[in-house]
Amino acid sequence: MALSSVEDILGKLNPVQREAVEYNGGPILILAGAGSGKTRVITHKIAYIIATRQAKPWEILALTFTNKAAGEMKERIRTLVGKGADLIWMGTFHSIFARILRKEGERIGLSRNFTIYDEEDQQGVIKGVMKELDLSAQELTPRTVRSRINRAKDALLGPGAYAEGAEDFIAQRVAQIYSEYEKRLQAANALDFADLLLKPVRMFRSHPDLLGVYQKQFSAILVDEYQDTNHAQSVLTDLLAARHRNICVVGDDDQSIYSWRGADVGNILGFEQNYPNCKIFRLEQNYRSTKTILGAAGAVVSHNRRRKPKTLWTSRGDGEVVTLMKMPDEREEVLGVVRKIETFMAEDKRQPRDFAVLYRTNAQSRGLEEGLRRAGIPYTIVGGIRFYERREIKDVLAYLRVVVNPQDDFSLLRIINVPPRGIGAVTLSRLKELARQQGLSLFGALKLAGEEVSILPEKRKRLKQLNSVLKKYGSSRKKVSPGELARGLLDDVGYWEYLEQDSTPKGEDRVENVKELLRGMEEFSTLHAEGNLEAFLAEVSLLTDIDSWDDRKNGVTMMTLHAAKGLEFPVVFITGLEEGLFPLASNLDDPAQLEEERRLFYVGATRAEERLLLSCAFRRRRFGGQYGIPSRFIDEVPTEYLETEGEDVTWGAAFSPEDITGTEKTYQRIEDEYSMGEEGDFRLKVGQTVHHSRFGRGRILGKSGFGEMTRLVVDFEKSGRKRLLLKYAHLQVLYEDEDS
DNA sequence: GGTGTCTTCTTTTTT
DNA sequence: AGAAGACACC
């Protein structure tokens with residue numbers, strides 16, 4: 001391959017892009033609007049740095065948010081500078097710092113074979129802690145605890161610091177759980193995602209000599225999607241850049257959509273203050289979309305108050321208007337999308353791969369999937385239930401984790417009775433007790449279980465068997481390939497027979513999935529010569545669904561708006577544009593969150609190159625049936641860009657009496673359900689007759705709380721008294737129909 | 001200790 | 001609507 005000259009590298013850039021690539025005078029902030037050639041600038045900048053010998057490839061640190069983005073960038077750099085590209089430190093924040101931790105973590109008491117817990121594992125540990133500490137999960141779910149802990153970690157707060165700032169009761173409890181959670185992770189030699197960032201910060205701060213080594217090495221640091229960095233990430237890059245001060249961050253505050261995960265737009269907005277001598281480049285020419293699409297997207301996002309004003313422009317033509325499809329219900333919405341796809345394929349010679357159908361929540365993919373399948377249009381779904389999150393896959397991975405890291409109690413717990421070997425709660429508690437007494441991990445206790453008198457002889461035998469299998473593979477793991485090892489292990493424990501017991505399609509899927517996993521492991525070994533089991537597990541736990549999305553496959557792509565960031569398609573549908581769904585109900589009250597929803601719309605709309613279609617349904621079945629009001633974002637699209645198909649539908653007092661089950665008297669449903677919010681509350685007075693989809697008709701006896709947390713006591717005619725949370729009850733107010 | 005049924009709870013987005 | 005947990009029965 002002929003390598004590019006410096007002029008080749010610069011030649012394909014517009015003046016601003018070129019300036020940004022050539023600039024070599026310290027910190028750089030590149031504000032890159034959607035479709036402005038951001039990736040091109042980063043890749044060309046890196047190529048330029050290498051070609052002009054500002055730095056060696058291995059002195060460059062380039063951080064992204066998905067493996068896919070990193071892989072694609074590496075590929076593009078390779079075409080510019082050749083194989084040197086492979087030596088660049090390029091990857092996601094999490095994978096790069098996991099790698100550094102594996103190498104250096106012993107300094108902070110971390111052994112190389114640590115396990116990475118995903119959020120499900122994390123939540124499992126938290127659940128266990130909460131059970132043991134007997135902190136009721138009523139107003140404090142493991143889920144909220146998890147997110148609080150993660151948020152704390154993202155902000156670099158350990159359990160101690162968090163406890164100090166814990167003012168209210170809930171936070172104090174979280175602090176307690178957090179502290180115990182940390183102990184367990186440490187004992188299990190495990191790290192969660194947030195630890196992969198927090199631990200390196202700690203390590204670098206406590207070992208300046210080590211920090212010095214990396215500071216010296218990374219003479220050029222580049223960060224993609226800087227608007228999505230959290231505090232820990234910005235601290236990390238600041239630490240590493242402190243010596244050379246050669247840091248280049250790229251991002252777009254309008255595309256900040258991960259604040260719920262701890263991302264802080266303040267990082268990009270405050271970069272100038274943080275690096276006062278920084279040079280700012282603005283990429284405002286969009287190469288992707290038509291004027292219409294850009295105008296529509298820009299008009300919507302301009303409703304946000306907290307943003308840097310900017311004007312994206314394009315030399316492209318107006319193109320087609322944005323189409324809005326107003327549909328009576330979600331079924332019709334799906335049919336509408338399908339019909340459009342068929343029309344465009346027939347008339348405009350579009351391929352299935354030209355289309356993306358975007359939605360706010362994964363749950364919406366079901367209906368769409370069904371519609372496309374019926375129409376015989378090939379498709380791929382990105383996201384949803386991810387491969388590595390399937391139960392059977394996690395089971396197998398748990399076995400492998402224990403083999404690699406015997407201290408991993410949580411994983412051992414997962415598989416100790418899978419397949420069933422007669423180990424129930426009693427035996428388990430004896431085993432745990434044994435571990436506690438001896439100060440051992442669960443695996444340590446398992447070794448002794450064969451001689452433990454408090455455990456039933458029969459169980460002892462089974463535990464002994466399990467122990468010997470795990471031991472066998474633990475000692476052979478360095479000699480055989482990951483795939484081979486897994487195959488043997490699964491044979492030995494009888495996992496296949498266990499899966500095959502279930503002969504339903506679902507069970508067959510499971511077998512297929514595990515086979516697929518084994519294939520993946522074998523492929524991994526051929527790809528990475530040094531690919532041992534540790535490496536495989538490490539990689540697998542940091543994989544996301546978008547990473548495995550194959551854009552060469554010719555199918556319609558379905559995914560959430562979040563997953564679509566960074567991608568582009570000729571035709572884009574944004575579906576489910578209804579108040580409460582997009583923007584999502586829980587983000588409706590908080591202006592900051594609402595602005596984030598709006599940015600999400602902006603991100604979705606700017607994925608489109610030629611055509612953008614919006615759709616909303618006036619009735620959407622979100623269990624029980626809720627009615628849709630078109631999203632405010634639709635109103636924010638200037639009418640000159642918009643062409644509407646379909647009509648407004650008012651569902652209301654149009655239900656026939658038969659719709660209400662088991663009532664001998666005729667009642668009429670009123671326009672809406674009073675599932676949440678204040679507006680409906682006034683009708684929900686004590687004494688009011690209401691209808692519940694399951695319990696039928698009843699009378700309100702009592703009411704407490706307010707807003708979403710309103711609790712009701714209802715006396716149902718058929719099923720008696722029930723306590724209900726208004727938020728979930730979906731009650732309908734019944735009025736006596738005078739005419740009957 | 002396993003299995004089946006009933007009840008309760010959950011619905012955001014994901015490295 | 002569907003999953004996970006609780007509970008009861010085997």
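Order of the sequence lines sets the chain letters (A, B, ...), proteins ahead of strands, with each chain counted from 1.
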Donor-acceptor contact present, side-chain [X] to main-chain [Y], <3.5 Å:
X        : Y        : answer
A:Arg460 : A:Ile455 : yes
A:Ser429 : A:Val426 : yes
A:Arg202 : A:Leu198 : no

(message) At 4.0 Å (heavy atoms only), tell me whether A:Asp118 reaches a base, stays on the sugar-phosphate, or touches nothing.
(response)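 Contact class for A:Asp118: none.
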(request) Would you mind classifying the nucleic acid contact of A:Phe93 as base, sugar-phosphate or nothing, using non-hydrogen atoms under 4.0 angstrom? (result)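 Nothing: the residue A:Phe93, judged by heavy atoms under 4.0 Å, touches no strand.
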Tell me the interatomic distance from [X], atom [atom1], to [N], atom [atom2], rounded to whole angstroms.
X        : N      : atom1 : atom2 : answer
A:Glu539 : B:dT15 : CD    : C1'   : 14 Å
A:Leu584 : B:dT11 : CG    : C1'   : 8 Å
A:Tyr359 : B:dT11 : OH    : P     : 18 Å
A:Gln255 : B:dT13 : CD    : C1'   : 16 Å
A:Gln364 : B:dT13 : CD    : P     : 9 Å
A:Glu120 : C:dA4  : CD    : C1'   : 12 Å
A:Arg391 : C:dA4  : CZ    : C1'   : 10 Å
A:Ile257 : B:dT13 : CD1   : P     : 13 Å

Quick check for you: among [options], whose closest atom lies nearest to any side-chain atom of [X]?
X        : options                : result
A:Arg146 : B:dT14, C:dG2, B:dT12  : B:dT14
A:Lys127 : C:dG2, B:dT14, C:dG5   : C:dG5
A:Ala363 : B:dT12, B:dT11, B:dT13 : B:dT11

(message) Show the nearest heavy-atom pair for residues A:Ile116 and A:Ala98, with the distance to one decimal.
(response)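 So the two residues come closest at CD1-CB, 4.5 Å.
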Counting only heavy atoms not in [X], do more than 12 fall under 6.0 Å of its [atom1]?
X        : atom1 : value
A:Arg391 : CZ    : no
A:Arg390 : CZ    : yes
A:Lys461 : NZ    : no
A:Lys394 : NZ    : yes

(request) Look at A:Arg143 and B:dT11 and indicate whether a side-chain polar atom (N or O) is within less than 4.0 Å of OP1 or OP2. (result)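 Answer is yes, contact under 4.0 Å.
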(message) Check the phosphate of B:dT15 against A:Ser95, side-chain N and O only, distance under 4.0 Å to OP1 or OP2. Yes or no?
(response)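 Answer is no, no contact under 4.0 Å.
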(request) Name all residues meeting the salt bridge (Lys or Arg N to Asp or Glu O under 4.0 Å) criterion together with A:Glu182; count only those two or more places apart in sequence or in a different chain, and write none if there are none. (result)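 Only A:Lys153 meet the salt bridge (Lys or Arg N to Asp or Glu O under 4.0 Å) criterion with A:Glu182.
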Could you label the plane-to-plane angle of the [X] and [Y] rings as parallel, tilted or perpendicular, counting under 30° as parallel and over 60° as perpendicular?
X        : Y        : value
A:Phe93  : A:Phe65  : tilted
A:Phe633 : A:Phe582 : perpendicular
A:Trp260 : A:His562 : perpendicular

(message) Let me confirm one number: the CD-CG distance from A:Glu596 to A:Leu584, rounded to the nearest 0.5 Å.
(response)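 Answer rounded to 0.5 Å: 11.5 Å.
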(message) Under a 3.5 Å threshold, yes or no: a donor from one side chain and an acceptor from the other, between A:Ser631 and A:Glu578?
(response)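 On atom types as modelled, these side chains do not qualify, holding no pair under 3.5 Å.
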(request) Establish, from distance only, whether the side-chain atoms of A:Gln227 and A:Glu225 form a donor-acceptor pair under 3.5 Å. (result)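 Indeed, the side chains of A:Gln227 and A:Glu225 share at least one donor-acceptor pair under 3.5 Å.
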(request) Decide yes or no for A:Leu446 and A:Leu434: does some side-chain heavy atom of the first lie under 4.5 Å from some side-chain heavy atom of the second? (result)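 No, every pair of side-chain atoms sits at 4.5 Å or beyond.
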(request) Check A:Asn230, A:Val223, A:Asp228, A:Thr229 against A:Asn267 for a side-chain contact (heavy atoms from CB on, under 4.5 Å) and give me the one that passes. (result)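 It is A:Thr229, the one option of A:Asn230, A:Val223, A:Asp228, A:Thr229 that forms the side-chain contact (heavy atoms from CB on, under 4.5 Å) with A:Asn267.
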Heavy atom of [range] under 4.0 Å from DNA chain B: which residues?
range                       : value
residues 260-267 of chain A : A:Trp260, A:Arg261
residues 148-156 of chain A : none
residues 62-74 of chain A   : A:Phe65

(request) Treat a base pair as Watson-Crick or G-U wobble with both distances under 3.5 Å, then lay out DNA chain B in dot-bracket form, 5' to 3', with | for cross-strand pairs. (result) ||||||||||.....
(message) Quick check on DNA chain B: between A:Asn587 and A:Glu119, whose nearest nucleotide comes earlier from the 5' end?
(response)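 This one resolves to A:Asn587.
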Could you pull out the protein-nucleic contacts involving nucleotides 1-6 of chain B (nitrogen or oxygen on both sides, under 3.5 Å)?
unit_1	atom_1	unit_2	atom_2	d
B:dG1	OP1	A:Thr427	OG1	2.5
B:dG1	OP2	A:Ala425	N	3.3
B:dG1	OP2	A:Val426	N	3.0
B:dG2	OP1	A:Asn417	ND2	3.4
B:dG2	OP1	A:Gly422	N	3.4

